[in-house]
Structures are given as structure tokens and as C-alpha cells.
Protein chains: 2
Amino acid sequence: MTQIRKPRTPASPRHAAACSRPIDRTLDPALFKALGDPTRAVLVACIAKCARPCTVGEVAECCSVDLSVVSRHLSLLARAGILEPTREGRVVRYQVRYASLSGSLRAMAAAIDECCPTPRTRKGTRDGCC
Amino acid sequence: MTQIRKPRTPASPRHAAACSRPIDRTLDPALFKALGDPTRAVLVACIAKCARPCTVGEVAECCSVDLSVVSRHLSLLARAGILEPTREGRVVRYQVRYASLSGSLRAMAAAIDECCPTPRTRKGTRDGCC
DNA sequence: CTAATACTTGCATAATGACGCAAATACGCA
DNA sequence: TGCGTATTTGCGTCATTATGCAAGTATTAG
């Protein structure tokens, strides 16, 4: 009978690069890049904690950068799928796409674990695996 | 009696910025920045899929950039806690810190959900929440 | 010790990105 | 329509960073 699970681990990085795995689709540099800026991370955390759609002006009060900068950051975060913009009269409110964001992060975590040769039967904390 | 769970949601982003939550400590820009470069993301995925400690030279064969660039990227990823370097004679092997990395991502996911006002009783896919 | 292999580091260059200011645009209201 | 408020966009500047090449360092083999 043929192998049932897990496409066998490639012998070398060169070979590994050729074989497709969930991690290839999941580990999205664009998402990471969006959250990789300290200012943006603060903005996201701020809006997330506020737990409601916030206007650009409101958010700008949280950090020391210019409002125009905040506007650009929020726009970028929205383009990255992290925030959801809503025009409401003359204000624009941004809110965190909680489920989408945490879902992406969890999918990445799963994709990474999926590559780990030792399935770590729950609670295992050992890093590296082979 | 006093409130039992969840520090009540702040009224404004300004107020939100002041109240500390898990997301503040968890959403680490440094980690995101490290994974935010496309080349580095490829390197991490490659080593992860290979599922064993890989040498710098081996990894360099996976991508089109110079070996010195790969060396720098791997070093940076190690400093970010994503890879674990091991000197082995004259080669240096890097391996993914699977548990640490997926653990961080899951912690972030949890911290984000923790902020979401609607607990989404399992399977909920709705974004935004209030 | 010398040579060869594996990796790292110095340096210059080019690209990217964050920022502030000022001007432009969008929208509601009188 | 004209005004005021809210946000976006153009532009210049400064800092960071990705990259390649060449030189330097580390480690093993002869």
C-alpha cells in the first residue's frame, strides 16, 4: 500500500523548496510586513482593545505621529486585510478583522507545526525536532 | 460585587491605548519584521519543510540571492528567535524553532480574540464584532 | 603550517519605507 | 453654493534595509 499521510520530508533544502506545503501559502510576507512596523502594531492593538470601529482622528490621538501618517498606516492595514474600513458620513471608521486576523495567525501556526517531524503530542515544548 | 471577567472595553482609542492587555505584549513588531521580507519567508518555509537543521550553503541553493545575503538573513532570523543556529565543525546549521514560532503566533491569535467583544462561541466566522 | 572549505563581515549602492507639512478631496450642514 | 470638519494625497527628506562583491575569519584536512 502507498503512504497514507505526510509527504515524506525532503532530503535537502533544495528539494524542500520544490515541494509544496501549506506553509508556502500561509506564511504571507505581506501580512507580516504590515504588522512589522512598531507604529502600526500600536495602532492595531489600540483599535483591537477599543473593540469598536474607530475614526482616523480618534486613533491619531493615541500615538505621536501626524494624522496623515496614521491615515496612511490604517489604509495600508486595511489593504493587508487586517482592518476593515467603513465610511460613515464624513468619518471613516476602521475596525480590526478579529476572526480573519487570528485565523490567519493560527493557520500559520498549524502550517509550521505540520512541517515539524515530531508531532509533539500535546504540551511538548521542545523546539527543533529532528 | 465587582466585575468578574474582562476589564471593560475602553470608550475611545485614547483610553484604549492606556489600558494594558495581552495583545500589547504579544503583538511583537520585531517578529513580524523578521518574517516580513519575502526572501526570509521563503528561507523559513524552506528550512521548515526540510525538517532538519540545514547549512547556510544548502539553504542558499534554494533561492537566487547571494550566499552572503542568505547568511545575513539566517543570522537575523536567529536573532529574532525564529531559527536556532548550531555550529557543527565548519558548517553552521539553522533549524526552525517550530514550537516557539507557532506558539507565538497562537498567542497572538488568542490575544486578538481576547479583545473581541463577541466571544464567537466556536466556529463563528463573523469579523468585527460590535 | 598551509590549503581548502564554510561562513561572516565591510563597504558601496539602490530601493524601500516612515514621516511631516501643505494642498486636495469628501461629506454634511447652513 | 459655500463653509467647516474629516480624511487622503503629493512631495521632499531622512533612515533603514536588501543586495552583491570582495576581503576576512573559522575550522578541518594534509
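Letters A, B, ... are given to chains in the order of the sequence lines, protein chains preceding strands, and every chain is numbered from 1.
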Undergrad: Tell me: CG of B:D37 to P of C:dG17, nearest whole Å?
TA: 10 Å

Undergrad: Closest to the A:L67 side chain: C:dT8, D:dT8, C:dC19?
TA: D:dT8

Undergrad: Heavy atoms only: give me the nearest B:R97-B:G81 pair and the separation to one decimal.
TA: CD-O, 3.3 Å

Undergrad: If you check the B:D66 side chain, which of D:dT8, C:dG20, D:dG20 turns out closest?
TA: D:dG20

Undergrad: So which heavy atom on B:R40 is nearest to which on B:K33, and how close?
TA: NH2-O, 3.4 Å

Undergrad: Nearest whole Å is fine: how far is D:dT16 P from B:H73 NE2?
TA: 18 Å

Undergrad: Round to a whole Å and report the spacing from CZ of A:R87 to P of C:dC27.
TA: 5 Å

Undergrad: For A:Y94 and D:dA6, is the shortest distance between a side-chain N/O and OP1 or OP2 below 4.0 Å?
TA: no

Undergrad: Over all heavy atoms of both residues, which pair between A:A109 and B:L105 is shortest? Give the atoms and the distance, please.
TA: N-CD1, 3.9 Å

Undergrad: Over how many whole Å does the gap from B:L76 atom CG to C:dC7 atom C1' extend?
TA: 16 Å

Undergrad: Would you say C:dA18 has OP1 or OP2 under 4.0 Å from some side-chain N or O of A:T39?
TA: no

Undergrad: Under 3.5 Å, is there a donor on one side chain and an acceptor on the other for B:R25 and B:S20?
TA: yes

Undergrad: Nearest-Å distance, CZ (A:R93) to P (D:dT8)?
TA: 13 Å

Undergrad: Ignoring backbone atoms, establish whether A:K33 has a side-chain N or O less than 4.0 Å from OP1 or OP2 of C:dG17.
TA: yes

Undergrad: Can you tell me how far P of C:dT9 sits from CG of B:L74, to the nearest Å?
TA: 13 Å

Undergrad: Nearest whole Å is fine: how far is C:dC7 C1' from B:L83 CG?
TA: 16 Å

Undergrad: What is the distance from CZ of A:R72 to C1' of C:dA22, rounded to the nearest Å?
TA: 11 Å

Undergrad: Using heavy-atom distances to pick each residue's nearest nucleotide on DNA chain C, tell me which of A:G89 and B:V56 is more 5'.
TA: B:V56

Undergrad: Considering only C:dC7, D:dT7, C:dC19, which nucleotide approaches the side chain of A:V92 most closely?
TA: D:dT7

Undergrad: Any idea which of C:dC27, D:dT8, D:dG20 is nearest the A:R90 side chain?
TA: C:dC27

Undergrad: Would you mind telling me which of C:dT9, C:dC27, D:dT9 lies closest to the side-chain atoms of A:S68?
TA: D:dT9

Undergrad: Which nucleotide sits closest to the side chain of A:V91: C:dC21, D:dA6, D:dT19?
TA: D:dA6

Undergrad: Looking at every strand, decide which applies to A:S75 at a 4.0 Å heavy-atom threshold: base, sugar-phosphate, or nothing.
TA: nothing

Undergrad: Grouping I, L, V, M, F, W and Y whenever their side-chain heavy atoms are under 4.5 Å apart, do B:Y94 and B:V69 come out in a common cluster?
TA: yes

